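From a predicted model like this one, the values you see are computed outputs, not experimental measurements.
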There are 2 protein chains.
Amino acid sequence: MSDRKEKVATVRRVLANEIAQAIRLRVYRPGEWLRQIDLEERFQAKRFDVRSALEELAVRKTIEHVPNRGYRVAEIDLKTYEEIRATRMILETASAAAIVTNIDDEAIARLEELARAFSHAVREGTRVDQSEVNRAFHQIMYSFCGNAVLEETIWALRDRSRGSRVTVWASHESLLRSDREHYEMMEALRVRDAGHLAAVIARHLTRVGQEERG
Amino acid sequence: MSDRKEKVATVRRVLANEIAQAIRLRVYRPGEWLRQIDLEERFQAKRFDVRSALEELAVRKTIEHVPNRGYRVAEIDLKTYEEIRATRMILETASAAAIVTNIDDEAIARLEELARAFSHAVREGTRVDQSEVNRAFHQIMYSFCGNAVLEETIWALRDRSRGSRVTVWASHESLLRSDREHYEMMEALRVRDAGHLAAVIARHLTRVGQEERG
DNA sequence: TGCAACTTAATTGGCGCCAATATAATCGCC
DNA sequence: GGCGATTATATTGGCGCCAATTAAGTTGCA
(Lines give C-alpha, C1' and ligand atoms only; values in the text may rest on other atoms or scores of the structure.)
Protein backbone atom coordinates (compact mmCIF):
# COMPACT_ATOMS: atom_id res chain seq x y z
CA MET A 1 0.00 0.00 0.00
CA SER A 2 2.13 2.86 1.26
CA ASP A 3 5.79 3.02 0.36
CA ARG A 4 6.59 3.56 4.00
CA LYS A 5 7.99 0.34 5.30
CA GLU A 6 9.27 -1.18 2.11
CA LYS A 7 11.70 -3.93 2.97
CA VAL A 8 14.83 -3.30 1.00
CA ALA A 9 16.63 -6.43 -0.07
CA THR A 10 20.24 -5.34 -0.12
CA VAL A 11 22.88 -7.61 -1.59
CA ARG A 12 24.34 -8.33 1.80
CA ARG A 13 20.99 -9.27 3.30
CA VAL A 14 20.21 -11.71 0.51
CA LEU A 15 23.69 -13.16 0.68
CA ALA A 16 23.50 -13.50 4.45
CA ASN A 17 20.31 -15.51 4.11
CA GLU A 18 21.82 -17.69 1.41
CA ILE A 19 24.79 -18.47 3.60
CA ALA A 20 22.48 -19.08 6.55
CA GLN A 21 20.53 -21.56 4.44
CA ALA A 22 23.73 -23.31 3.41
CA ILE A 23 24.56 -23.67 7.09
CA ARG A 24 21.12 -25.13 7.79
CA LEU A 25 21.63 -27.54 4.91
CA ARG A 26 24.87 -28.62 6.54
CA VAL A 27 26.96 -27.50 3.58
CA TYR A 28 29.03 -25.91 6.29
CA ARG A 29 29.05 -27.74 9.59
CA PRO A 30 29.46 -26.41 13.13
CA GLY A 31 33.04 -25.46 13.82
CA GLU A 32 33.92 -25.20 10.15
CA TRP A 33 35.70 -22.11 8.90
CA LEU A 34 34.01 -20.03 6.22
CA ARG A 35 36.75 -18.84 3.91
CA GLN A 36 35.88 -15.61 2.20
CA ILE A 37 37.44 -16.66 -1.09
CA ASP A 38 35.34 -19.82 -1.23
CA LEU A 39 32.16 -17.88 -0.52
CA GLU A 40 33.06 -15.36 -3.21
CA GLU A 41 33.18 -18.14 -5.78
CA ARG A 42 30.28 -20.22 -4.53
CA PHE A 43 27.84 -17.34 -4.39
CA GLN A 44 29.36 -15.28 -7.18
CA ALA A 45 29.62 -12.26 -4.94
CA LYS A 46 32.10 -9.50 -4.39
CA ARG A 47 34.44 -9.78 -1.47
CA PHE A 48 32.98 -6.78 0.29
CA ASP A 49 29.47 -8.19 0.21
CA VAL A 50 30.71 -11.50 1.56
CA ARG A 51 32.30 -9.72 4.48
CA SER A 52 29.18 -7.70 5.18
CA ALA A 53 27.04 -10.81 5.08
CA LEU A 54 29.39 -12.61 7.44
CA GLU A 55 29.30 -9.70 9.84
CA GLU A 56 25.52 -9.76 9.79
CA LEU A 57 25.45 -13.46 10.56
CA ALA A 58 27.94 -12.92 13.37
CA VAL A 59 25.63 -10.32 14.93
CA ARG A 60 22.79 -12.81 14.59
CA LYS A 61 25.01 -15.37 16.34
CA THR A 62 24.68 -17.84 13.50
CA ILE A 63 28.42 -17.74 13.05
CA GLU A 64 31.29 -16.70 15.24
CA HIS A 65 33.96 -14.15 14.47
CA VAL A 66 37.57 -14.59 15.53
CA PRO A 67 39.71 -11.58 14.63
CA ASN A 68 42.46 -12.35 12.16
CA ARG A 69 41.21 -15.91 11.88
CA GLY A 70 37.90 -15.37 10.21
CA TYR A 71 34.37 -16.62 10.65
CA ARG A 72 33.23 -20.11 11.54
CA VAL A 73 29.90 -21.78 12.05
CA ALA A 74 29.00 -21.29 15.69
CA GLU A 75 29.48 -24.36 17.81
CA ILE A 76 27.36 -23.87 20.85
CA ASP A 77 28.12 -25.56 24.11
CA LEU A 78 25.61 -27.63 26.05
CA LYS A 79 24.91 -24.88 28.54
CA THR A 80 23.97 -22.37 25.87
CA TYR A 81 21.95 -25.03 24.09
CA GLU A 82 19.95 -25.63 27.24
CA GLU A 83 19.42 -21.92 27.69
CA ILE A 84 18.14 -21.53 24.15
CA ARG A 85 15.86 -24.49 24.69
CA ALA A 86 14.47 -23.01 27.88
CA THR A 87 13.84 -19.65 26.21
CA ARG A 88 12.22 -21.32 23.22
CA MET A 89 10.03 -23.25 25.61
CA ILE A 90 8.77 -20.03 27.14
CA LEU A 91 8.03 -18.35 23.83
CA GLU A 92 6.72 -21.27 21.83
CA THR A 93 4.32 -22.53 24.47
CA ALA A 94 3.14 -18.96 25.09
CA SER A 95 2.31 -18.50 21.43
CA ALA A 96 0.00 -21.54 21.42
CA ALA A 97 -3.02 -19.58 22.63
CA ALA A 98 -2.83 -17.00 19.86
CA ILE A 99 -2.16 -19.63 17.20
CA VAL A 100 -5.25 -21.57 18.20
CA THR A 101 -7.46 -18.50 17.89
CA ASN A 102 -5.98 -17.25 14.63
CA ILE A 103 -5.51 -20.39 12.60
CA ASP A 104 -7.87 -21.16 9.75
CA ASP A 105 -8.89 -24.35 7.94
CA GLU A 106 -6.82 -23.58 4.89
CA ALA A 107 -3.67 -23.35 7.00
CA ILE A 108 -4.50 -26.58 8.78
CA ALA A 109 -4.80 -28.22 5.38
CA ARG A 110 -1.34 -26.98 4.46
CA LEU A 111 -0.03 -28.29 7.75
CA GLU A 112 -1.64 -31.63 7.02
CA GLU A 113 0.30 -31.75 3.77
CA LEU A 114 3.56 -30.94 5.47
CA ALA A 115 2.90 -33.44 8.23
CA ARG A 116 2.49 -36.11 5.57
CA ALA A 117 5.63 -34.88 3.81
CA PHE A 118 7.46 -35.26 7.10
CA SER A 119 6.16 -38.80 7.57
CA HIS A 120 7.47 -39.53 4.12
CA ALA A 121 10.83 -37.90 4.84
CA VAL A 122 11.15 -39.99 7.99
CA ARG A 123 10.92 -43.11 5.88
CA GLU A 124 12.94 -42.19 2.82
CA GLY A 125 14.39 -38.73 3.21
CA THR A 126 17.69 -37.44 4.47
CA ARG A 127 18.26 -35.67 7.74
CA VAL A 128 18.25 -32.37 5.88
CA ASP A 129 14.94 -33.19 4.17
CA GLN A 130 13.36 -33.98 7.50
CA SER A 131 14.75 -30.84 9.03
CA GLU A 132 13.52 -28.57 6.25
CA VAL A 133 10.04 -30.03 6.15
CA ASN A 134 9.84 -29.78 9.92
CA ARG A 135 10.94 -26.16 9.64
CA ALA A 136 8.25 -25.42 7.06
CA PHE A 137 5.60 -26.97 9.31
CA HIS A 138 6.52 -24.84 12.29
CA GLN A 139 6.96 -21.77 10.13
CA ILE A 140 3.34 -21.92 9.06
CA MET A 141 2.16 -22.64 12.55
CA TYR A 142 4.02 -19.80 14.23
CA SER A 143 3.06 -17.38 11.48
CA PHE A 144 -0.41 -17.49 13.02
CA CYS A 145 0.67 -16.23 16.42
CA GLY A 146 -0.31 -12.75 15.24
CA ASN A 147 2.86 -11.18 16.54
CA ALA A 148 5.68 -10.57 14.06
CA VAL A 149 8.20 -9.73 16.76
CA LEU A 150 7.43 -12.90 18.68
CA GLU A 151 7.75 -14.88 15.48
CA GLU A 152 11.13 -13.33 14.63
CA THR A 153 12.40 -13.97 18.12
CA ILE A 154 11.38 -17.61 17.99
CA TRP A 155 13.15 -18.11 14.67
CA ALA A 156 16.26 -16.30 15.78
CA LEU A 157 16.52 -18.76 18.65
CA ARG A 158 15.70 -21.80 16.53
CA ASP A 159 18.37 -20.84 14.00
CA ARG A 160 20.91 -20.34 16.73
CA SER A 161 20.35 -23.80 18.12
CA ARG A 162 21.21 -25.26 14.72
CA GLY A 163 24.82 -24.71 15.65
CA SER A 164 24.56 -27.62 18.01
CA ARG A 165 26.87 -30.43 17.08
CA VAL A 166 24.48 -33.06 18.42
CA THR A 167 21.87 -34.14 15.95
CA VAL A 168 18.39 -32.93 16.69
CA TRP A 169 16.83 -36.31 16.24
CA ALA A 170 19.23 -38.58 18.03
CA SER A 171 17.28 -41.78 17.49
CA HIS A 172 14.85 -43.03 14.89
CA GLU A 173 12.39 -43.45 17.71
CA SER A 174 12.48 -39.73 18.49
CA LEU A 175 11.90 -38.98 14.82
CA LEU A 176 8.77 -41.11 14.90
CA ARG A 177 7.61 -39.29 17.99
CA SER A 178 8.12 -35.90 16.29
CA ASP A 179 6.12 -37.29 13.41
CA ARG A 180 3.22 -38.30 15.63
CA GLU A 181 3.33 -34.97 17.43
CA HIS A 182 2.72 -33.08 14.21
CA TYR A 183 -0.63 -34.83 13.91
CA GLU A 184 -1.32 -34.27 17.58
CA MET A 185 -0.67 -30.54 17.14
CA MET A 186 -3.10 -30.41 14.25
CA GLU A 187 -5.70 -32.18 16.32
CA ALA A 188 -5.27 -29.57 19.05
CA LEU A 189 -5.60 -26.85 16.42
CA ARG A 190 -8.79 -28.34 14.98
CA VAL A 191 -10.56 -28.45 18.32
CA ARG A 192 -9.00 -25.12 19.33
CA ASP A 193 -7.37 -26.55 22.43
CA ALA A 194 -4.58 -24.11 23.35
CA GLY A 195 -3.59 -26.02 26.46
CA HIS A 196 -3.11 -29.22 24.54
CA LEU A 197 -1.08 -27.49 21.81
CA ALA A 198 1.18 -25.88 24.40
CA ALA A 199 1.62 -29.24 26.09
CA VAL A 200 2.67 -30.96 22.87
CA ILE A 201 5.15 -28.21 22.09
CA ALA A 202 6.58 -28.38 25.60
CA ARG A 203 6.85 -32.16 25.46
CA HIS A 204 8.65 -31.98 22.17
CA LEU A 205 11.23 -29.48 23.41
CA THR A 206 11.74 -31.31 26.69
CA ARG A 207 12.32 -34.60 24.96
CA VAL A 208 14.89 -33.16 22.57
CA GLY A 209 16.78 -31.71 25.49
CA GLN A 210 16.70 -34.91 27.49
CA GLU A 211 17.93 -37.18 24.75
CA GLU A 212 20.98 -35.07 24.53
CA ARG A 213 22.08 -35.77 28.02
CA GLY A 214 21.10 -39.43 28.01
CA MET B 1 39.76 -19.53 33.16
CA SER B 2 40.08 -21.13 29.75
CA ASP B 3 40.84 -18.97 26.75
CA ARG B 4 38.03 -20.67 24.89
CA LYS B 5 35.18 -18.25 24.78
CA GLU B 6 37.04 -15.01 25.18
CA LYS B 7 34.79 -12.17 24.16
CA VAL B 8 36.70 -10.10 21.67
CA ALA B 9 35.90 -6.43 21.84
CA THR B 10 36.41 -5.29 18.30
CA VAL B 11 36.38 -1.61 17.45
CA ARG B 12 33.05 -1.89 15.69
CA ARG B 13 31.40 -3.66 18.59
CA VAL B 14 32.53 -1.05 21.09
CA LEU B 15 31.52 1.74 18.76
CA ALA B 16 28.14 0.16 18.13
CA ASN B 17 27.49 0.07 21.86
CA GLU B 18 28.58 3.67 22.25
CA ILE B 19 26.21 4.77 19.54
CA ALA B 20 23.45 2.64 21.05
CA GLN B 21 24.01 4.36 24.37
CA ALA B 22 23.87 7.77 22.71
CA ILE B 23 20.52 6.76 21.25
CA ARG B 24 19.29 5.68 24.68
CA LEU B 25 20.44 9.01 26.08
CA ARG B 26 18.40 10.73 23.40
CA VAL B 27 21.41 12.39 21.85
CA TYR B 28 19.88 11.08 18.67
CA ARG B 29 16.11 10.90 18.68
CA PRO B 30 13.77 8.51 16.85
CA GLY B 31 13.56 9.37 13.17
CA GLU B 32 16.78 11.37 13.23
CA TRP B 33 19.42 10.65 10.59
CA LEU B 34 22.84 9.52 11.74
CA ARG B 35 25.34 11.19 9.47
CA GLN B 36 28.51 9.21 9.14
CA ILE B 37 30.71 12.30 9.14
CA ASP B 38 29.24 13.49 12.43
CA LEU B 39 29.75 10.11 14.03
CA GLU B 40 33.35 10.04 12.79
CA GLU B 41 34.07 13.27 14.61
CA ARG B 42 32.02 12.66 17.74
CA PHE B 43 33.49 9.24 18.43
CA GLN B 44 36.89 9.86 16.88
CA ALA B 45 36.56 6.81 14.72
CA LYS B 46 37.46 5.90 11.20
CA ARG B 47 34.75 5.97 8.60
CA PHE B 48 34.88 2.24 8.01
CA ASP B 49 34.33 1.44 11.67
CA VAL B 50 31.40 3.84 11.80
CA ARG B 51 29.80 2.06 8.90
CA SER B 52 30.36 -1.35 10.44
CA ALA B 53 28.89 -0.20 13.71
CA LEU B 54 25.85 1.23 11.95
CA GLU B 55 25.34 -2.02 10.08
CA GLU B 56 25.47 -3.93 13.35
CA LEU B 57 22.88 -1.67 14.91
CA ALA B 58 20.70 -2.05 11.84
CA VAL B 59 20.80 -5.84 12.22
CA ARG B 60 19.90 -5.40 15.89
CA LYS B 61 17.00 -3.21 14.72
CA THR B 62 18.13 -0.31 16.86
CA ILE B 63 18.43 1.79 13.74
CA GLU B 64 17.01 1.54 10.27
CA HIS B 65 18.91 1.47 7.00
CA VAL B 66 17.66 3.20 3.87
CA PRO B 67 19.95 2.59 0.88
CA ASN B 68 21.54 5.73 -0.47
CA ARG B 69 19.94 7.73 2.30
CA GLY B 70 21.76 6.40 5.31
CA TYR B 71 20.85 5.22 8.76
CA ARG B 72 18.29 6.71 11.10
CA VAL B 73 17.10 5.92 14.59
CA ALA B 74 14.30 3.43 14.25
CA GLU B 75 10.88 4.90 14.74
CA ILE B 76 8.62 2.03 15.59
CA ASP B 77 4.92 2.12 14.94
CA LEU B 78 2.29 1.38 17.55
CA LYS B 79 1.64 -2.12 16.26
CA THR B 80 5.27 -3.16 16.57
CA TYR B 81 5.46 -1.48 19.95
CA GLU B 82 2.55 -3.55 21.15
CA GLU B 83 4.14 -6.70 19.78
CA ILE B 84 7.40 -6.01 21.56
CA ARG B 85 5.49 -5.33 24.74
CA ALA B 86 3.60 -8.62 24.45
CA THR B 87 6.80 -10.56 23.85
CA ARG B 88 8.54 -8.84 26.74
CA MET B 89 5.58 -9.71 28.91
CA ILE B 90 6.01 -13.38 28.11
CA LEU B 91 9.74 -13.44 28.77
CA GLU B 92 9.96 -11.12 31.73
CA THR B 93 7.15 -12.70 33.71
CA ALA B 94 8.53 -16.14 32.92
CA SER B 95 11.92 -15.21 34.32
CA ALA B 96 10.43 -14.25 37.69
CA ALA B 97 10.54 -17.78 39.07
CA ALA B 98 14.25 -18.23 38.38
CA ILE B 99 15.10 -14.77 39.67
CA VAL B 100 13.37 -15.45 42.96
CA THR B 101 15.31 -18.66 43.50
CA ASN B 102 18.70 -17.28 42.47
CA ILE B 103 18.74 -13.82 44.01
CA ASP B 104 20.87 -13.19 47.09
CA ASP B 105 20.77 -10.61 49.85
CA GLU B 106 23.70 -8.65 48.50
CA ALA B 107 21.89 -8.16 45.19
CA ILE B 108 18.72 -7.10 46.94
CA ALA B 109 20.77 -4.51 48.80
CA ARG B 110 22.07 -3.15 45.50
CA LEU B 111 18.52 -3.08 44.18
CA GLU B 112 17.46 -1.18 47.28
CA GLU B 113 20.08 1.43 46.50
CA LEU B 114 18.92 1.76 42.91
CA ALA B 115 15.29 1.92 43.95
CA ARG B 116 16.19 4.85 46.20
CA ALA B 117 18.19 6.42 43.40
CA PHE B 118 15.12 6.13 41.20
CA SER B 119 12.92 7.75 43.83
CA HIS B 120 15.43 10.57 43.89
CA ALA B 121 15.53 10.83 40.10
CA VAL B 122 11.75 11.01 40.01
CA ARG B 123 11.92 14.11 42.18
CA GLU B 124 14.91 15.94 40.79
CA GLY B 125 16.34 14.04 37.85
CA THR B 126 15.83 14.28 34.13
CA ARG B 127 13.95 11.77 32.02
CA VAL B 128 17.25 10.26 30.97
CA ASP B 129 18.40 9.91 34.59
CA GLN B 130 15.21 8.12 35.47
CA SER B 131 15.50 5.88 32.46
CA GLU B 132 19.10 4.89 33.14
CA VAL B 133 18.56 4.17 36.82
CA ASN B 134 15.49 2.14 35.95
CA ARG B 135 17.58 0.26 33.41
CA ALA B 136 20.27 -0.49 35.98
CA PHE B 137 17.66 -1.81 38.41
CA HIS B 138 16.20 -4.23 35.91
CA GLN B 139 19.63 -5.18 34.64
CA ILE B 140 20.61 -6.47 38.05
CA MET B 141 17.30 -8.21 38.55
CA TYR B 142 17.29 -10.05 35.22
CA SER B 143 20.95 -11.00 35.60
CA PHE B 144 19.71 -13.45 38.24
CA CYS B 145 17.44 -15.36 35.90
CA GLY B 146 20.31 -17.82 35.40
CA ASN B 147 19.90 -17.89 31.64
CA ALA B 148 22.22 -15.69 29.58
CA VAL B 149 20.26 -16.23 26.38
CA LEU B 150 16.99 -15.26 28.03
CA GLU B 151 18.67 -12.18 29.46
CA GLU B 152 20.08 -11.14 26.07
CA THR B 153 16.72 -11.63 24.44
CA ILE B 154 14.96 -9.50 27.02
CA TRP B 155 17.45 -6.68 26.56
CA ALA B 156 17.34 -6.85 22.81
CA LEU B 157 13.59 -6.29 23.00
CA ARG B 158 13.83 -3.57 25.63
CA ASP B 159 16.39 -1.69 23.53
CA ARG B 160 14.23 -1.98 20.47
CA SER B 161 11.25 -0.46 22.20
CA ARG B 162 13.33 2.63 22.99
CA GLY B 163 12.70 3.70 19.42
CA SER B 164 9.18 4.54 20.40
CA ARG B 165 8.39 8.20 20.00
CA VAL B 166 5.97 8.17 22.91
CA THR B 167 7.61 8.75 26.25
CA VAL B 168 7.75 5.70 28.46
CA TRP B 169 6.43 7.52 31.46
CA ALA B 170 3.61 9.54 30.03
CA SER B 171 2.47 11.09 33.29
CA HIS B 172 4.09 11.91 36.57
CA GLU B 173 1.60 9.63 38.18
CA SER B 174 2.89 6.65 36.21
CA LEU B 175 6.43 7.52 37.24
CA LEU B 176 5.37 7.36 40.87
CA ARG B 177 3.74 4.02 40.25
CA SER B 178 6.93 2.66 38.69
CA ASP B 179 8.75 3.94 41.72
CA ARG B 180 6.45 2.11 44.12
CA GLU B 181 6.65 -1.03 42.03
CA HIS B 182 10.39 -1.22 42.49
CA TYR B 183 9.88 -1.57 46.21
CA GLU B 184 7.09 -4.03 45.62
CA MET B 185 9.37 -6.16 43.47
CA MET B 186 12.00 -6.19 46.19
CA GLU B 187 9.41 -7.24 48.71
CA ALA B 188 8.45 -10.14 46.47
CA LEU B 189 12.12 -11.03 46.13
CA ARG B 190 12.69 -10.98 49.89
CA VAL B 191 9.86 -13.36 50.62
CA ARG B 192 10.67 -15.41 47.51
CA ASP B 193 7.23 -14.96 46.01
CA ALA B 194 7.61 -15.69 42.31
CA GLY B 195 3.92 -15.24 41.60
CA HIS B 196 3.88 -11.82 43.12
CA LEU B 197 7.01 -10.73 41.27
CA ALA B 198 5.58 -11.89 37.96
CA ALA B 199 2.35 -10.06 38.73
CA VAL B 200 4.13 -6.79 39.41
CA ILE B 201 6.17 -7.09 36.22
CA ALA B 202 3.03 -7.84 34.23
CA ARG B 203 1.15 -4.96 35.78
CA HIS B 204 3.96 -2.59 34.96
CA LEU B 205 4.11 -3.62 31.32
CA THR B 206 0.36 -3.59 30.91
CA ARG B 207 0.06 -0.13 32.37
CA VAL B 208 2.75 1.32 30.12
CA GLY B 209 0.97 -0.07 27.11
CA GLN B 210 -2.43 1.24 28.16
CA GLU B 211 -1.34 4.78 28.85
CA GLU B 212 -0.11 4.95 25.35
CA ARG B 213 -3.49 4.40 23.84
CA GLY B 214 -5.45 6.43 26.38
C1' DT C 1 4.79 34.87 -6.86
C1' DG C 2 4.69 29.90 -7.61
C1' DC C 3 6.50 26.08 -9.93
C1' DA C 4 9.62 23.38 -12.60
C1' DA C 5 14.02 22.39 -14.55
C1' DC C 6 18.71 22.72 -13.85
C1' DT C 7 22.99 23.19 -11.23
C1' DT C 8 25.63 22.62 -7.24
C1' DA C 9 26.84 20.56 -2.88
C1' DA C 10 26.72 16.96 0.44
C1' DT C 11 26.53 12.19 1.54
C1' DT C 12 26.55 7.49 0.97
C1' DG C 13 28.55 3.16 -0.38
C1' DG C 14 31.13 -0.10 -3.68
C1' DC C 15 35.48 -1.77 -4.23
C1' DG C 16 40.33 -2.92 -4.66
C1' DC C 17 44.78 -2.51 -2.74
C1' DC C 18 48.07 -3.87 0.57
C1' DA C 19 49.65 -4.30 5.34
C1' DA C 20 49.05 -7.25 9.41
C1' DT C 21 48.45 -11.72 11.01
C1' DA C 22 48.02 -16.63 11.15
C1' DT C 23 49.14 -21.10 9.27
C1' DA C 24 51.91 -24.31 6.72
C1' DA C 25 56.25 -25.72 4.90
C1' DT C 26 61.05 -25.85 5.00
C1' DC C 27 65.30 -26.02 6.96
C1' DG C 28 68.83 -26.75 10.31
C1' DC C 29 70.33 -28.30 14.68
C1' DC C 30 70.47 -31.45 18.47
C1' DG D 1 64.56 -38.84 13.35
C1' DG D 2 62.34 -35.37 16.17
C1' DC D 3 61.78 -30.69 17.31
C1' DG D 4 62.35 -25.77 17.39
C1' DA D 5 63.33 -21.75 14.53
C1' DT D 6 62.75 -19.50 10.17
C1' DT D 7 60.86 -18.61 5.85
C1' DA D 8 57.08 -18.84 2.67
C1' DT D 9 52.21 -18.81 1.68
C1' DA D 10 47.48 -17.96 2.45
C1' DT D 11 43.96 -15.27 4.46
C1' DT D 12 41.96 -11.68 6.74
C1' DG D 13 40.81 -6.89 7.45
C1' DG D 14 41.81 -1.69 7.64
C1' DC D 15 41.32 2.04 4.85
C1' DG D 16 40.86 5.66 1.38
C1' DC D 17 39.33 6.90 -3.08
C1' DC D 18 35.77 8.11 -6.13
C1' DA D 19 31.44 6.99 -8.59
C1' DA D 20 26.49 6.96 -7.78
C1' DT D 21 22.82 8.98 -5.59
C1' DT D 22 20.22 12.21 -3.14
C1' DA D 23 19.15 16.71 -1.22
C1' DA D 24 19.61 21.64 -1.41
C1' DG D 25 20.02 25.74 -3.78
C1' DT D 26 19.36 28.62 -7.90
C1' DT D 27 17.77 30.20 -11.94
C1' DG D 28 14.29 30.95 -15.42
C1' DC D 29 9.68 30.94 -17.03
C1' DA D 30 4.66 31.35 -16.87
Side-chain angles (χ1 to χ4, degrees), chain A residues 2-20 22-23 27-75, chain B residues 2-20 22-23 27-75:
Chain A
S2 68
D3 54 353
R4 280 266 142 158
K5 281 278 175 180
E6 51 184 276
K7 284 281 173 192
V8 192
T10 59
V11 178
R12 74 170 62 86
R13 202 172 307 280
V14 173
L15 189 54
N17 287 333
E18 283 185 88
I19 296 173
I23 291 171
V27 175
Y28 302 104
R29 293 198 230 1
E32 195 173 338
W33 291 101
L34 298 166
R35 289 193 315 130
Q36 296 179 4
I37 298 171
D38 289 352
L39 296 172
E40 266 184 276
E41 290 180 11
R42 179 185 284 269
F43 297 99
Q44 290 297 308
K46 303 284 182 184
R47 182 171 202 104
F48 190 83
D49 289 321
V50 169
R51 271 163 65 179
S52 305
L54 290 173
E55 250 313 296
E56 173 165 341
L57 291 175
V59 174
R60 279 159 50 179
K61 306 267 181 88
T62 305
I63 63 179
E64 184 188 5
H65 177 57
V66 182
N68 295 319
R69 288 291 308 278
Y71 299 82
R72 66 177 154 190
V73 181
E75 195 171 356
Chain B
S2 68
D3 53 353
R4 282 265 142 159
K5 282 277 173 179
E6 51 184 278
K7 284 281 172 191
V8 192
T10 57
V11 177
R12 76 170 60 85
R13 200 171 307 280
V14 172
L15 189 55
N17 287 333
E18 283 185 89
I19 296 172
I23 291 171
V27 175
Y28 301 104
R29 291 195 261 316
E32 194 174 339
W33 291 100
L34 298 165
R35 291 193 313 131
Q36 296 179 5
I37 297 171
D38 290 351
L39 297 172
E40 266 184 275
E41 289 179 11
R42 179 186 284 270
F43 297 100
Q44 290 297 310
K46 304 284 182 185
R47 181 168 203 107
F48 188 82
D49 288 321
V50 169
R51 271 164 64 180
S52 305
L54 289 173
E55 250 312 297
E56 173 166 341
L57 291 175
V59 174
R60 279 159 49 179
K61 305 267 181 90
T62 305
I63 62 179
E64 185 186 3
H65 177 56
V66 182
N68 294 319
R69 288 292 307 279
Y71 299 81
R72 66 176 155 190
V73 181
E75 195 172 356

Original post:
Between A/R12 and A/R69, which is nearer to the 5' end of DNA chain C once each is assigned its nearest nucleotide?
Top reply: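 Here A/R12 is the residue nearer the 5' end.
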
Original post:
Counting only side-chain N and O atoms of B/H65, is one of them less than 4.0 Å from OP1 or OP2 of C/dT12?
Top reply: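 False: B/H65 side-chain N/O out of range (4.0 Å or more) of C/dT12 OP1/OP2.
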
Original post:
Are any of the side-chain heavy atoms of B/V66 and B/W33 separated by less than 4.5 Å?
Top reply: yes

Original post:
Under a 4.5 Å cut-off applied to non-hydrogen side-chain atoms, are B/Y28 and B/R72 in contact?
Top reply: no

Provide, to the nearest angstrom, the distance between the [atom1] atom belonging to [X] and the [atom2] atom belonging to [N].
{"X": "B/W33", "N": "D/dA24", "atom1": "CH2", "atom2": "C1'", "answer": "16 Å"}
{"X": "B/I63", "N": "C/dT12", "atom1": "CD1", "atom2": "P", "answer": "11 Å"}
{"X": "A/L15", "N": "C/dG13", "atom1": "CG", "atom2": "C1'", "answer": "17 Å"}
{"X": "A/R72", "N": "C/dT23", "atom1": "CZ", "atom2": "P", "answer": "10 Å"}

Subject >> Side-chain H-bond candidate by donor/acceptor type, B/R47 with B/Q36, under 3.5 Å >> reply: yes

Subject >> Distance in Å, A/R51 CZ paired with A/R12 CZ, rounded so as to fall on 0.5 Å steps >> reply: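 One gets 12.0 Å once the value is rounded to the nearest 0.5 Å.
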
Original post:
Heavy atom of residues 36-53 of chain A under 4.0 Å from DNA chain D: which residues?
Top reply: A/Q36, A/I37, A/R47, A/R51

Original post:
So which heavy atom on B/A45 is nearest to which on B/L15, and how close?
Top reply: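 B/A45 and B/L15 have their closest heavy atoms at CB-CD2, 3.8 Å.
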
Subject >> Sole residue of B/I19, B/I37, B/V27 in side-chain contact (heavy atoms from CB on, under 4.5 Å) with B/R42 >> reply: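 Answer after filtering B/I19, B/I37, B/V27: B/V27.
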
**OP:** Under 4.0 Å between any heavy atoms, over every strand shown, what does B/L54 touch: base, sugar-phosphate, or nothing? Just pick one.
**Re:** nothing

